[in-house]
Trainee: 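Would you mind keeping the following structure in view while I ask a few things?
The sequence lines fix the lettering, A, B, ..., with proteins before strands; numbering per chain opens at 1.
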Amino acid sequence: MNRSWKILAIGVLACVLVIALTPYVWILLSSFKGRLDILSSQPTWFFTPTLANYPAVFIDKNYLPLVLNSLIISTASTVLSICVGAPAAYVFARTDFAGKEDLFFFFLTTRMAPPISIAVPLFMFFTLLGLTDTIYAVVIAHTTFNLSLVVWMMRGFFAEIPREIDEAAMMDGRSRLGAFIRVIVPMAAPGLAATAVLCFIMSWNEFLYAFILVAFEGRPLTVGIPGLITPHGTLWGQVAAVAVVATLPILLFTFLVQKHLVRGLTFGAVKG
Amino acid sequence: WSLEEAAAPYKGVTIRSIGEALPPLEAMSKLAPEFEELTGIKVEIEMYEHSEAVNKVMLDLNSKRGRYDFIIQPHRELGKFVTNGNVQPVDSFLESAELRNPEFKPEEQLYQGLWKEISWYEQKVYGFPFTALSMYMWYRSDLLADEKEKEGFKAKYGYDLAPAANWDQYRDIAEWFTRPDQGLYGTALQGKRHEALWYEWLNFLYSFGGDMLEAKSGSECGPVIVNSPQAIAATEYYKSLKPFSPPDTLNYFWDDVMALMQQGTVAQLIMWNDATYAVAVDESVSTVVGKMGFDTVPEGEGGKIAQAEGWSYLIPTESKNKEAAYLFIQWMMNYDQQLRQHLNGGATSRPDVYASAEVQELPYAKASMASNEVAKPKPTLPQSAEMTDILVRELSSFLADEKSAKEALDRSAQEISALLGSCAPMKYPVE
Amino acid sequence: MAVSFVGVTKRFADGTIALDGLDLEFELGEFVVLLGPSGSGKTTACRLLAGLETPTEGRIEVDGKDITTLPPRFRGIGMVFQNYALYSHKSVYENIAYPLRIRKTAAAELDRRVKEVAELLQIGSYLHRRPGQLSGGQAQRVAVARALVWEPTICLMDEPLSNLDALLRLHMRTELNRLHQRLNKTFVFVTHDQEEAMTLASRIAVLKDGKLVQFDDPRTIYRRPANRFVAEFMGRPAMNTMDGMVRDGTFRAGQVSCKVQCPEGPVTLGIRPEQIGFGQSGDGDHFTMTLDVKETVEPDALLIFANDKGTVTVRTQRDCDELRPGQPVNLHFPLDALHYFDATTGERLR
Amino acid sequence: MAVSFVGVTKRFADGTIALDGLDLEFELGEFVVLLGPSGSGKTTACRLLAGLETPTEGRIEVDGKDITTLPPRFRGIGMVFQNYALYSHKSVYENIAYPLRIRKTAAAELDRRVKEVAELLQIGSYLHRRPGQLSGGQAQRVAVARALVWEPTICLMDEPLSNLDALLRLHMRTELNRLHQRLNKTFVFVTHDQEEAMTLASRIAVLKDGKLVQFDDPRTIYRRPANRFVAEFMGRPAMNTMDGMVRDGTFRAGQVSCKVQCPEGPVTLGIRPEQIGFGQSGDGDHFTMTLDVKETVEPDALLIFANDKGTVTVRTQRDCDELRPGQPVNLHFPLDALHYFDATTGERLR
Amino acid sequence: MNRTAQISNGRFLLDRGASLPLILPATILVLVFLVGPFGYMTYTAMTDLSYANPDQNGAFIGLENFRRLVRNDPIFWNSFWLTIRFVLLAVSIEFVLGFAIAWLIWRFIERQRLLTTLLLVPMMLAPVAVGLIWRLLLQGDFGMVTHYLHKSGLLSQSSAVFSTPTLVMPTIIAIDVWQWTPFVTLIILAGLMSLPKPPFEAATMDGAGPWRQFRDILLPLLRPIIALVLLLRGIDAFKEFDKVFILTGGGPGTVSELLSIYAYRVSFKNWNLGYGAAVAFMVYLVVLIMCSIFYKAVYWKSADTGAR
Ligand SMILES: Nc1ncnc2c1ncn2[C@@H]1O[C@H](COP(=O)(O)OP(=O)(O)OP(=O)(O)O)[C@@H](O)[C@H]1O
Ligand SMILES: Nc1ncnc2c1ncn2[C@@H]1O[C@H](COP(=O)(O)OP(=O)(O)OP(=O)(O)O)[C@@H](O)[C@H]1O
Ligand SMILES: [Mg+2]
Ligand SMILES: [Mg+2]
């Protein structure tokens, strides 16, 4: 009974996995196809692979630095938004002050305005500060829009940790901040991992702010991708190559961070 | 006068430019180091996708940062730049003895119609064409020359199969070659809700004798005539080709029709001159190299006519190195540079470049030249982008069977008239 | 050198008053036991002293210095939580070592001290485990170890032995006592176990409804309870109390009648179950009651006598195998074992 | 109609053997108390019976039916968790009502039963609160209420009274006893409190290291412990045990010497502290020891005598105020109070 | 949840002095870099600023833009209702699927590190890339998916997904579901993994079957996480842009013209910033109102009683 349920579950998940991955696999294949193969009216699963697309886009078009830019921007903004957002989330999870829920909700509202309309004022504002065309501008922008995610997610995860744990750490001689950083944060690792993954992905994939705020030299991959759609035809092979390469760092990052997510399973709740 | 001398004061400066990531720009970025060697002026070129390039420039100009020393922009944007005072007229440079290369004579060396259309606004010159684009007809010369096809066609339509000279023939040919079971279609319309639709439609509109505004130049405002009977006829004719286009035609823009052509699924269509290279010459991406023929757009009541478009070198007012930028542009307009750029997929505005032997070897040279001669201006008013937007939307609705042609064009006329204000009354009022 | 609660009131957000003007003062170095019914505010008092909670009113002083708002880590107070609050992501060893790590104790010293305290608490063999893999009693001992290991000036223990078996408890009691003497630190200990309270405390503070009812050494608490509440609360089984009238030096309440030494009038009489004698012999001052229930709690027997005015419980070590429920028994209340309380206020008379 | 553990072994993932071939059988309707040192497997046994854990080896039967793999909810078993496990998102009322809701009890009936059991456990006034707003003892009672309210066939209670004060505990004990009699359901009760065990149990199962050591009624457990472990484990303070030699009907170990009735040779002698007499008068069978420590645990006094071979603890209710440490005292071991254990295996002799 | 968490509710660990430095950086960041520009946007919404029209250089015109928007802009309203439908459908499907997948993983898979990572792949692709990929897959002539749709007879040979107006929105929703279900899965999975065990054991003993446990224990305990997912997804779906823009550009006609696309056209194509800001502000307002209602109804209840 239990076994057959499990087999059924695995079957369902396998289907889901196939659906989730097929487009990606297709792109992976396409990145090794010439234009004629990509556009052939019969889907070609078997073909003579060509490696031309990768050098074409990363060397000839010089897209390699874009990967690096993406990495820098995403990492910096993920780290920053966690560093700024998690303490705030902790406060929301642990304190009560007048208007707390309103302030909390306010953090979410910052996400509600369409970026398209915020972008121009933001650009003007950063111009005033002289920050446009620097990487700081995007990092700040991404941090700000990821904050709501961090604050909202981490509040839930922090709240799940019994307060006595903070208190025990404080009795053991930690300051509040020390208790938070040294004890609570490690215990909230699964949540933190999930949040970091999301922040990273959001920042990695963000287009508009990155496009508007960063100079040509600092532009990330997302901004580069449209450059492959030309009036002379979309360079599908190169698009595919970029898409494949662009997912690799996140895949790796997610896989590594997943360790902490999985840890949630084995630890269980505090024995009390 | 020598370039070295003229550039001496600007040695060591870096000028920055921005444009659409296309072969001619790539060609330019390969030429830039030569210029640097000659002058000591470094040129940095930012290459973005079409709308990215446009938006980046809009933001830069309006924030008055002056990041770019010269910009390469589609000519439809010009009105906005000029009316907002964002770009610099170049006549002062042309008059300056230090800067002007006496051998550079745009008023003789360029297609005048195109130049005026692309780089002039209200009788003032703001730059020079980076590319001079126009659309013409592409067809499969191998199919049209096929004896069996010729026979069958003649039997059915009563005249000889040849590249379409008028729109009726065009439709007959389209119908004749539409054979879905063989994976062959008579034509391919760029029916997606996208500027491509508008550009394509303009060819029909002009050819049928219609226009959007009654005005002589792009910078002029005038009565709205987009819902004239000619326009309606053109639009209806346009849609009558839909059955001969592949099923996904409402999702096509230039990208898809390019691909279809390269795969050999389409017999004829209307397409851009600068895209020709990838179909007619580049064997790595095309299956129809050597099987292509090119000609101007078929003739209609409005005569033989083509819609012209182009990207232009412009110099922002906020630029800090205008002179150096001008020197570079001037250098780029030289015959040698133009030729090299053209051979790399560009579309020059110099007839003498077209006349060169290398260019004449290209299968589409003649058609290009012919089109360039008959290029017709279109509005470059500041509001022209929004006009385009309105028309694209309404045309798309019409193609999707949501409206009739008249309804769509009437609605467009109303909105455009409201947009432009008093200078643009509706010539064909809607009740 | 004293710790004092001065008029401390704690009101929770929902209006519950957990402490109500508590005044309590004890010396550093004392072993204070907090005793009181469930919900009387013991845990709250500890948390206030620890600094985990701030009083709604009043202040807390140590050595005359107001520490009401001092952050916990500057107070030098250790605490065992009623529900352990172990760090689930650290091993037992690391749990115990944590306070020392914070204080940057040298590695060797740290190891020595952790092992020492673990040995003391008999958890030496679990050091590598995670808290999730411990039994209730083991987890509780880890919590105690963590609080003791760094030898804080004041160590608060909130029912630290409640999940231990009797033997271990006895052992721990002895160890705690020894530790207290050796370290000469202040221990504040919450317990429900009177025996624990009696053996450990230098003084017992009895709380009720957030107020201090009596604060005295164990013996006084037991022998001279300040009021009827303390009298009934201390002692297992509880002291027998009877509302009755004193007239002519004799107390009467239903079947009960005995000689007393107290003013005439309504009085509540108290006597501990173990002090009631069997007056089978012909002594003047005894009366007869009917046995209702007999319970054996080895080694003692509890005899419960019903009465129209309540019950009287007797605890004896005598062999009562022959007694049967329903049987009448002669009882005798020795004069020197009697407690007198005001019938209305419950305050001790004399 | 019996519940039986047949050779049940539970090995945890990390290799800890919590139960080791446990064989235990009791009747439905019994009040079984599990007793044993911390970590002896009491909680594990409960969880296995409940079905929250599956045995590594062996099986569990109810009424001869193997239920080892039956999902918990078909077993009709209720449970009070050692750590309460209340539903933090429900009010106290809803916590208690939950088992009834699952069984689709009619609203009026449900309300009545919830209120009834809440009254019984004296938590009637907290019904609207959230578990987070309760004190330790209050929360514990809610957990008990939740397990009792639906009157399961078997009710497992894992230290359900550990956080209650003595008075309340006594009260709860009585109520549980009454409930057990009224409902005639099986109660399995884990406790560390011997008095509780004694008064409540129809039979006590003593566990040690995951094995059953003795399973008998309380009186037998106390009076005839099956081995030295049980003997020492039961009783507060623990039974005195001395390793010595019997020769000529007299047992000798250091200063201790007394008449015994057991085979000659090495023997472990046991005697409960409260059964040691003071032999100040001239009786033959007494010996003198020096008082080491005197503890007062009202109403009793504990006298601890040191000896080169260990200590002897005496518990007495006599007034010992005049005794001083260092003073020699005459002690007397009554013959009928003596227990004899095999000196090597610890098994009871006779 | 174990009792440790329960008893502490209502006790404030941090007083104001300690909270402030923790919460301040976040607040300042948001205030400066979002509220500032947002305020500017709101102001712009009351002007006629347009980069395209030389006569409109930012004169204050009060609520004129809004009046025009509400009274006189059928396209806006068309987009509005379209967006609402899109959000409701897409988010609810994503939620149900994502929850189910997370639950299956949590319940049945022990070593899920690789599996989860792979499941997240659709989300890792930049929206621009997602648009392009699906454009390629669904292209009428050489799209792989189209090919199999034709072959399996699900789609008539003579039609294509994006040229059939009735199929456009369902397809876009399907793609959105494909892309964002992993997001729901990830968050819910993290939530499930940090669930405490004791309440479930207690419910087991109280006789609750799997379904009752799910309904009475799991859902309430996960409520904040669920609310979080729904809110975030709802908000982001409201702003959905890149994919649709690349796939259909809002067409054919106005079949897929979501609000964000409309806003983009107004602000970024036509550079009618004043009017565009008004559109954006309306979008913001609608999202705000919807979220507030949802938040009050779902989140507050559990957050306030602080049971967690
Ligand atoms: N967070 C809270 N919100 C509201 N009331 C609370 C809260 N915490 C405790 N209380 C109430 O305050 C009173 C005192 O609680 P406290 O925990 O100090 O009792 P206690 O003496 O430790 O009891 P126990 O022996 O049962 O642990 C109790 O009535 C309790 O219900
Ligand atoms: N999850 C686990 N993993 C490994 N060992 C465990 C686990 N749970 C319990 N144990 C061990 O199993 C043994 C029995 O534990 P159990 O909880 O049954 O003890 P107990 O008799 O209830 O003790 P206590 O009176 O302290 O609660 C203990 O040694 C304990 O450390
Ligand atoms: Mg307490
Ligand atoms: Mg246990």
Trainee: On a heavy-atom basis, which atom in C/Ile77 and which in A/Met171 lie closest, and how many Å separate them?
Mentor: O-CE, 3.1 Å
Trainee: Please look at A/Ala179 and chain C and tell me whether the side chain, the backbone, both or neither of the residue comes under 4.5 angstrom of a heavy atom of that chain.
Mentor: neither
Trainee: Please table the atom pairs, donor to acceptor, closer than 3.5 Å between any side-chain atom in residues 31-38 of chain C and protein atoms at least two apart or in another chain.
Mentor:
from    : atom 1 : to       : atom 2 : distance (Å)
C/Ser38 : OG     : D/Gln138 : N      : 3.4
C/Ser38 : OG     : D/Arg141 : NH2    : 3.0

Trainee: Residues of residues 143-162 of chain C under 4.5 Å from chain A (heavy atom pairs)?
Mentor: C/Arg146, C/Trp150
Trainee: Excluding sequence neighbours, so at least two apart, what forms ring-ring contact (aromatic ring centres under 6.0 Å, His included) with A/Phe158?
Mentor: A/Tyr90, A/Phe180
Trainee: C/Arg73 side chain to A/Arg176 main-chain N or O, any donor-acceptor pair under 3.5 Å?
Mentor: no
Trainee: Can you name the closest pair of heavy atoms from A/Met187 and C/Ser88 and give their distance?
Mentor: CE-OG, 3.0 Å
Trainee: First locate atom CZ of C/Phe81, then atom CD1 of A/Ile165, and finally report the distance between them rounded to the nearest 0.5 Å.
Mentor: 8.5 Å
Trainee: Taking atom CZ as the centre, does A/Arg182 end up with more than 12 heavy-atom neighbours from other residues, nucleotides or ligands that are less than 6.0 angstrom away?
Mentor: no
Trainee: Using side chain to side chain contact (heavy atoms under 4.5 Å, CB included) as the criterion, point out the one residue from C/Asn83, C/Leu52, C/Leu86 that pairs with A/Glu164.
Mentor: C/Asn83
Trainee: Side-chain contact test, heavy atoms from C-beta onward, threshold under 4.5 Å: evaluate it for C/Arg101 versus A/Asp172 and give yes or no.
Mentor: no
Trainee: Excluding sequence neighbours, so at least two apart, what forms salt bridge (charged side-chain N to carboxylate O under 4.0 Å, His left out) with C/Arg75?
Mentor: none
Trainee: Heavy atoms only: give me the nearest A/Ala168-C/Ala85 pair and the separation to one decimal.
Mentor: CB-O, 3.7 Å
Trainee: So for atom CZ, which belongs to A/Phe106, do other residues, nucleotides or ligands contribute more than 12 heavy atoms lying within a distance under 6.0 Å?
Mentor: yes
Trainee: When you check the side-chain N and O atoms of A/Arg174 and C/Tyr98, is any donor under 3.5 Å from an acceptor?
Mentor: yes
Trainee: Would you call C/Met79 and A/Glu167 a side-chain contact if the rule is heavy atoms closer than 4.5 Å?
Mentor: no
